Structure formats: C-alpha cells, structure tokens
Amino acid sequence: MNEMIQQDLTALLKRVTGFDAFREGQEEVVRSVINGHDTIAVLPTGAGKSLCYQLPVHAMGGTVLIVSPLLSLMEDQVAQLKMNGEKRVAALNSFLAPKERSAVLANLGKYRYLFTSPEMLVQPHISDRIKQLELAYIVADEAHCISQWGFDFRPDYLRMREWLGSLGERPPVLALTATASEKAIQDIADYLLMKQQKLFIHPPDRPNIAMELVRQESREEKTKWILNALTGWKGPGIIYVQSRKRAEELAELLRLRNIRVAAFHAGMEGEDRILVQQQFLTGELEWICATNAFGMGINKPDIRWIIHDQLPPSAAQYIQEIGRAGRDGGQSLATLLYTETDADKAAFIALDDLPEPETVRFIGKCISEGMELKEAGDRAGLSDTALRVVSYWLGRLGTDKAAIQMEELAAGKRKEIFSMVRFAEGGGCIRSRILALFGYAPATRPVHCCSDCGFVADQFLSARTTVDNASGLLGWKERIDGLLGVGE
DNA sequence: CGCATGATGCCTACGCATCATGCGGTGCAGTAGT
C-alpha cells in the first residue's frame, strides 16, 4: 500500500470520528498500521489508544480482530462503538449464549470489529473460522498481558505465537499497551511474531504524579497511616493491597470513618465488581481498596492518589498501577508504604503457584507413561492453572527444557522483586530510581517530584472538610483507635 | 516462607510463653445444576 499522506489521514479522522486533529502519538501509529507494518505502540493510559486500532480499518476495509484480556473490556468497547453508531461489531466470548455464538460465528465476515480472548482464539474450531476472514490487521489490546500473564497464568497468550505462525502470509499486527518495560516489549514482539516492527514508545514518566515512599515497621503502622491520610485528604483514589482479606478489612475501617469506599477483588461476584467500578467512575465512591484485579480499562480521568499498601512485585506493575492517576493532567500523588517483610510476601504470592522443576519432570514422566494429564496433575497436587501452564511448556519444549524454563521464570520473578527491594530501601530521587529500572531518566524535575526531592501535598490534594466528619463520627474514631490499640 | 490468629500449657487465676494452624493475585472457558 502506498504511504498515506497527512491530509488523507486527517480527512479520515474527521469523517469517522468528527475530530479535527489527532492527539499526540496517534497519527503515526495509525499510519504505520495502514502502511502494513507490525506496530508496537506504548501510549500512556488515556492517550486515546482505542482510536489507534479503530481508525485504520476504515481506510483498509475488511475485518479487524482485536484480542482483549478481559470480557468486561470487550463489552465496554463493543458498547462504546455501538453508541457511536457502529453496527458491524461483535465480541466472540463466553458471555454469549450458544445461539448467539452460532449467529456470530455464522456471520464473522460481516463484522468490521471482532473482539475475542486469546483462549477463544486459539481453539482450533474458532481459529479455523477466523483464518478464513479478510483480516485488515490484528490488534493485541493491553499487550503487556502477554508478558505479565502468558508465562505462568494464561498460556494461551503465548499460543498466539503459533496461531499467528499458522496464518502464513498474515496481516499486520498492532500491539497497544501503556507498559514500556524492555521485557514487555521484547515479549510482545516475540510472541506476536513481529517482523521489522515499528516502535512508538512514549516514555513512562508522568511528571504530574508526585511519588512518595514511606518506610514503616508493621502492618498496624500502615493502617494508621492510611486512616490518617484519608481522613485528612480527599481522593478520588485507589489503595492497592496484597490480599482480598486486607482489601475488605481496610475498606471496612475507612467506611467507619465515613469515607465512601468499597473493596474490589476477584473473589467478589461479577455484579458487585461492575457496581463498584461504576460507582467509582461516577464519583459515588471516592476510594477503592483493591487487589491487582482492579484497574485495567478503568477510564477515570481525575484519580488523584494511588496508595500501595505493600511493595509491588515488579517495576512494570508499579508503574502500570500508579499510571492510573492523573490522566486529566492534574497534579496527583503515588504513595508506596513499605516494610521490610513485604518482599517475602510478594515472593510467596508470585512463586507459590509456579510449578517446581521436579513437578514438571514428574508430570512429563507420567504423560510419557500414558497417564491422563488431569490425573498426573492431581497426583502432583497442581492447581488447574498450574497444570495448564505445565502442559503448555511441556508441549512446546519437552520435559527437560520445560523444567529449566520454570526455574528461569522463578529466578526472573525473584530478581524483579529484589530490584524493587533495592528501590524501596535505597536513597535518592524516587522518580529517577523507578524510571531507571526501565532504562529511562526523567526529562525534567517537576515542582512536586517525590518525597526525596520534595513536594507539597497541600498545594494539590484537597483537605477533607470538617463538615464531612461532623456527624457523630468522633465516637467511631475513638472506638476504632481503641480496637487498633492506637490513640491514647 | 513469615506473619497473624487461635489453642494449649502452665497449674489454679491470670497472664504469659509456646505450639499449631491458616493464610496469601491476576481470567478465560465450559459445564453442571439452580
């Protein structure tokens, strides 16, 4: 295809969306896809990533296949497109009733936008149908999931590589994410079988997010700190915690202080999760206490504060989570509460469900002796997830290499946690040090930089007015402090 | 693994030490059964 000139793209943008101009970063991505290049676009959340995958198909014709990590995300995007008048759009996933599913499958070629999950995509009977389509291009939305989830949680993310390979001559692939870590980008290029890909990387620094590191001795201290902070200052904000129980517990303590807050984690019913998310978006809830289940695809521009109740297991995850603050450009704050024991817990959670090399060898041996995979997994005491992971690696690498792969995976995770410990325990500009873990340096030092360089919270956070706390809450406060063994 | 919580042991009433147990994230798909 010939290189498209700027005027054509602007006219296309105007015709499809009504906008007069692209936002920063969008145009070159759109052009790269239209010109047939494999493309990786790392854009900060809220930069208008969806336009990057939605526009090119209008110039190219055919169907665009969008692989998305979450059903809720697909549903949101389908609804959004339909609201904008697009009728040729569908999501092929397990939300569909059998009849609806057959209807979608029977009409695949009629859609302009087709959303699906990696799990659905790699199933032979589905992938055969999709292969017959005239695909304009293929999109991996939130493509860091390949790196973050593919290796030890959702192996079908990695199977996309084989699927793409089976296409022979294939359309361009577009990967979209906000995560700029070297490993994420390498994994994306690798597992999406990219060739001579164009890279558009927006640096991960967010100058409007001040960064604060607070070292503490115990969980009680953290609890005290959070209760104090949130009764003094307003959100909206997210508190990231490490366990579902802690999410519930903190939410309850804050609720007793008349703060509009709810917990969010994967143990909750789907309906409750949707409700909480909606209420946070509309402002009915001011704070969310969440595990890492919360955040992807959350489109709330005015989040002012992200608090971490513990050390996250990687810099990529940390940057991803704090990046949800201040999309409107407004000054925001990211606080990391750290105690020495955080790393052990993070390591346990990261490594607990990861199969041991001996287990991989055991499963490999069982299978070679003709045992059913499920039976072998039961005997080894593996979870369903772990068994799927082992099965993927055994199938791809064979027993010995799969066992080594598990060791390397564990070592990689330990290394990431260790580098976060060094970050949390070290001194010097916090912004510079976290960015350095990605190989970046801040372009400028913002006025409100970090707790090492200095920032003034009361210049940008709103104080909670006394009116909020006036109605008989002191009694509660004393009771809570009593329960916690806090105030004198 | 390491921490929090609850149970037990001491030995006779309470509080402390010690031991045992539980807990700890992320989602898809597809099926059984309400």
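Protein chains get the first letters and strands the later ones, always in sequence-line order, with residue 1 at the start of each. Remember, predicted model here, so these are calculated numbers, not experimental data.
Side-chain atoms of A:Gln317 and A:Glu321 include a donor-acceptor pair closer than 3.5 Å. For the residue pair A:Thr335 / A:Glu212, a side-chain donor-acceptor distance below 3.5 Å is found, with atom types taken as modelled. There is a side-chain donor-acceptor pair under 3.5 Å between A:Thr223 and A:Arg246.
Comparing B:dT8 with B:dA13, their C1' atoms sit 16 Å apart, to the nearest whole Å. A distance of about 26 Å separates the C1' atoms of B:dG22 and B:dG27, rounded to the whole Å. Comparing B:dG30 with B:dT34, their P atoms are spaced 22 Å from each other, to the whole Å. A distance of about 15 Å separates the P atoms of B:dA17 and B:dC11, rounded to the whole Å.
Across all strands shown, B:dA4 forms a Watson-Crick or G-U wobble pair with B:dT21, both key distances being under 3.5 Å. With a cut-off of 3.5 Å on both pairing distances, B:dA32 has no Watson-Crick or G-U wobble partner at all. Nucleotide B:dC14 forms no Watson-Crick or G-U wobble pair with any nucleotide shown, as no partner meets the under 3.5 Å limit on both distances.
Ring geometry for A:Phe151 against A:Trp393 counts as parallel: the plane angle stays under 30°, on a 0 to 90° scale with 60° as the upper cut.
Residue A:Arg379 places its CZ atom among 12 or fewer non-hydrogen atoms of other residues, nucleotides or ligands, all under 6.0 Å distant.
A salt bridge does not link A:Glu119 to A:Arg388: none of the charged nitrogens lies less than 4.0 Å from a carboxylate oxygen.
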Practice task
Mark up nucleotides 19-29 of chain B, 5' to 3', with B wherever a protein heavy atom is under 4.0 angstrom from a base atom, S wherever such an atom reaches only the sugar-phosphate, and - elsewhere.
Solution key: -----BBBBSB
